[in-house]
Q: 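I have a structure here, written as structure tokens, and I will follow up with some questions on it.
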Protein chains: 2
Amino acid sequence: MRNVTLKQLKYFEAVAATGHFGHAASLCSISQPAISVQIKELEESFGTALFERSARQVRLTSFGEGILPRVQGILRAVDDLGDLARAAQDGLTGRLRLGIIPTVAPYLLPKIVGNLALEAPDLDLHIRETLTDKLITELQEGRLDAAIVALPVSEPSLTEVPLFEEAFVLVRGEAEADKPVPSMENLREMRLLLLEEGHCFRDQALSFCGMRSNLPREGMEGSSLSTLVQMVGTGIGVTLIPEMAVPVETRSADVSIVRFPAPQPSRQIGMIWRNSSPMAKQLMQISAVVRRAAGAKEGTSA
Amino acid sequence: MRNVTLKQLKYFEAVAATGHFGHAASLCSISQPAISVQIKELEESFGTALFERSARQVRLTSFGEGILPRVQGILRAVDDLGDLARAAQDGLTGRLRLGIIPTVAPYLLPKIVGNLALEAPDLDLHIRETLTDKLITELQEGRLDAAIVALPVSEPSLTEVPLFEEAFVLVRGEAEADKPVPSMENLREMRLLLLEEGHCFRDQALSFCGMRSNLPREGMEGSSLSTLVQMVGTGIGVTLIPEMAVPVETRSADVSIVRFPAPQPSRQIGMIWRNSSPMAKQLMQISAVVRRAAGAKEGTSA
DNA sequence: CGTTTCTCATAATTTAAAGTTATTCTTACA
DNA sequence: TGTAAGAATAACTTTAAATTATGAGAAACG
């Protein structure tokens, strides 16, 4: 037995609707024999007549009558697939699983969520905050759709798009507020508080200070920027934090902020996703939204 | 845009299930390129990717994930059509709209209904009782599937199948119970009570008595055999009824029954349906059930 | 009653779609 | 950096679905 096709079901519906092979044919924009043959094959597939043909009339058999609503349901369901597709492709809809590194998430997220809620209300946003390495793994395993990290990540299977440049500022005790900007040498002599191993910002800070990553002394690591700033407030040492974190983290700590003269230390934050991601176009749109949300200078294309 | 086909949906389901084009292909018993091409066309139809192909893995996109359950629903619905067909064709199932003439219905129906309930429990039986002319009209208009009437009807568009031969008996007053069987001449002199115009049995009775149909005198017509027998019981005249009606109609009336010597007057009851009816096979089966239900001598085939 | 008309079925042929094998391209992995 | 895995592409074949033309059966009509 040959298989049932959607075409046959469409023709069946048309004949049922018109009660006339010829009219059904023109309704389907094909010739009458084409309909006849396809209906016949459908009947052979079922092993039962769908229509009763008498000279002047074409009537549904009771079986045909029985399956008609089901057939209509099937055809409608198939059409709906197309509608879904149309809804899904243009505009930002559906689920977006976005990873963000911890040194960016708390400061950027409120803005992102707010902007996306406005500009992409149909987007179902899932956020995951963790270290860069983990984000990359999850991205490659298909458990995330995109991630916001510090560039570059230099994974050949991932596409990078810059979002904004983020300067680092020095956080020191409130007492030193009026002292001059320390030189590099000064900096190296200070007790620099760092994030734990794994945070990319830790490496970026070390790199700026021209230190090797195996330098750190005991008791000088914190698990978040917030902790570091609090530690600075107690006078243990100094630390670096990204510009973006300043308003939030220094609000309630006895610390002062120092901005370096140009060339300012900084890092580039960007968005990454699999090269193979079919959401690329949407992700590009989303990256633009995020960029605007960050209120930062436009990055150049990857 | 080319149309979506059921094949494509099947292949889509297979690839989604296996996460591998090659495996999906062998699952569908076709070659891998065939799957690739069909999936690609499906994606083009939708204007969106269904799968994300990276070198080692094939993953559903969120859109693909979204439509997968719907697609499975569609495929299942199509399979169900086939099941329905199988259920409908063999065995007596579905709706059967059966018409029966009034001079047969009350006596035959109880037996038919009982037997069909046993032998075709899945049959949804609709009964319509009315005059032959109306039954034939409704049959030809497709409002009935079959009818039980007196043969012949001689409609070229209808198939006739004999069910049984039914003798007529004379009903006269109880007082005349011991009188001899009346001759034809006697009969013509009696006041013959008849059914109203339109009943075929009226014509059959008249024909047996060798009378013209325009003979009847006022006040001698009844609307049912039951009425006629009651009238006979009051002594107004005599009547003819079919053998089958005897047990029911003479139970509570002061009448006596006379069976004629051979050649007995009789009529043939049969079943009719449209030549074009696709239920012909089933109707033939049903006619056999009805024949057995009537407990009558086997009729010969039409 | 034959004849015309309506309408579905069938036949012959063409066109289009779907499948096959062979090959290429990409990417991961040793 | 070469090898292997797996999807894509190409060239070609097979199969399915159209088309046009024709046939055949029943109703309708003069």
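Per chain, numbering begins at 1; letters A, B, ... match sequence-line order.
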Q: Students often mix this up, so state it plainly: with edges at 30° and 60°, are the rings of A:F46 and A:F63 parallel, tilted or perpendicular?
A: perpendicular
Q: Would you indicate, yes or no, if C:dC8 has its OP1 or OP2 atom less than 4.0 angstrom from a side-chain nitrogen or oxygen of A:S36?
A: no
Q: Closer than 4.0 angstrom, basic N to acidic O: yes or no for B:E13 and B:K7?
A: no
Q: Choose from C:dT20, D:dA17, D:dA7 the nucleotide whose nearest atom is closest to any side-chain atom of B:A34.
A: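 My answer, after comparing the listed nucleotides, is C:dT20.
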Q: Between B:F51 and B:F12, what is the ring plane arrangement, given parallel below 30°, perpendicular above 60°, and tilted in between?
A: tilted
Q: Among the candidates D:dA7, C:dT10, D:dA17, find the nucleotide nearest to the side-chain atoms of B:H20.
A: D:dA7
Q: When all nucleic acid strands are considered with a 4.0 Å heavy-atom cut-off, which category describes B:F51: base, sugar-phosphate, or nothing?
A: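 No contact.
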Q: Between A:E44 (CD) and D:dA16 (C1'), how many Å, whole number?
A: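 Taking CD of A:E44 and C1' of D:dA16, I get 14 Å after rounding.
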Q: Between B:E41 and B:S45, do the side chains contain a donor N or O and an acceptor N or O under 3.5 Å apart?
A: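 No donor-acceptor contact under 3.5 Å links the two side chains.
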Q: Base of C:dA9, side chain of A:Q32 - is there a donor-acceptor contact under 3.5 Å?
A: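 Indeed there is one.
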Q: Quick check: on DNA chain C, is the nucleotide nearest A:Q57 upstream (toward 5') of the one nearest B:I35, or the reverse? Name the residue that is more 5'.
A: A:Q57
Q: Using a 4.0 Å heavy-atom cut-off to protein, can you give one letter per nucleotide of nucleotides 25-30 of chain D, 5' to 3': B if the base is in contact, S if only the sugar-phosphate is, - if neither?
A: -SSS--
Q: To the nearest Å, how far apart are A:E155 CD and C:dA28 C1'?
A: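 A:E155 atom CD is separated from C:dA28 atom C1' by 13 Å.
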Q: Does B:R267 pair with B:E165 as a salt bridge, N-O distance under 4.0 Å?
A: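 No, this pair does not count.
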Q: Find the distance B:E52:CD to C:dT26:P and express it as a whole number of Å.
A: 18 Å
Q: For residues B:E52 and B:Q57, is any side-chain donor paired with an opposing acceptor at under 3.5 Å?
A: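 No, no side-chain donor-acceptor contact under 3.5 Å.
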Q: Counting just side-chain N and O atoms, does A:S31 come under 4.0 Å of either OP1 or OP2 of D:dT19?
A: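 Yes, because at least one side-chain N or O of A:S31 sits under 4.0 Å from OP1 or OP2 of D:dT19.
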Q: Could you state the atom-to-atom distance from CG of B:N275 to C1' of D:dA24 in whole Å?
A: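 Nearest whole value for this atom pair: 16 Å.
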Q: Expressed in angstrom and rounded to an integer, what is the separation of A:Y11 atom OH from C:dC8 atom P?
A: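 For the pair A:Y11 OH and C:dC8 P, the rounded distance is 16 Å.
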Q: Rounding to an integer number of Å, can you tell me how far B:L42 CG sits from C:dA17 P?
A: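 So the CG-P distance, B:L42 to C:dA17, works out to 16 Å.
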Q: Expressed as a whole number of angstroms, how long is the span from B:N3:CG to C:dA17:C1'?
A: 13 Å
Q: To the side chain of B:R53, which of C:dC8, D:dA7, C:dG19 is closest?
A: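 Output: D:dA7.
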Q: Look at the side chain of A:K7 and decide which nucleotide, out of C:dT10, D:dT9, D:dA17, has an atom nearest to it.
A: D:dA17
Q: Can you tell me the distance, in whole Å, between the CD atom of A:Q38 and the C1' atom of D:dT15?
A: 13 Å
Q: Quick one: which of D:dA10, D:dA17, D:dA7 gets closest to the side chain of B:P33?
A: D:dA10
Q: Side chain of B:E41, heavy atoms from C-beta onward: which of C:dA18, D:dT9, D:dA7 has the nearest atom to it?
A: C:dA18
Q: With a 4.5 Å limit on heavy-atom distance, are the side chains of B:S277 and B:D145 in contact?
A: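 A side-chain contact under 4.5 Å is absent here.
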Q: Looking only at side-chain atoms of B:I30, point me to the closest of D:dA8, C:dT10, C:dT20.
A: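 Selected nucleotide: C:dT20.
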Q: For residues B:I100 and B:R128, determine if any side-chain heavy atom of one lies less than 4.5 Å from a side-chain heavy atom of the other.
A: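 Answer no - side chains too far apart.
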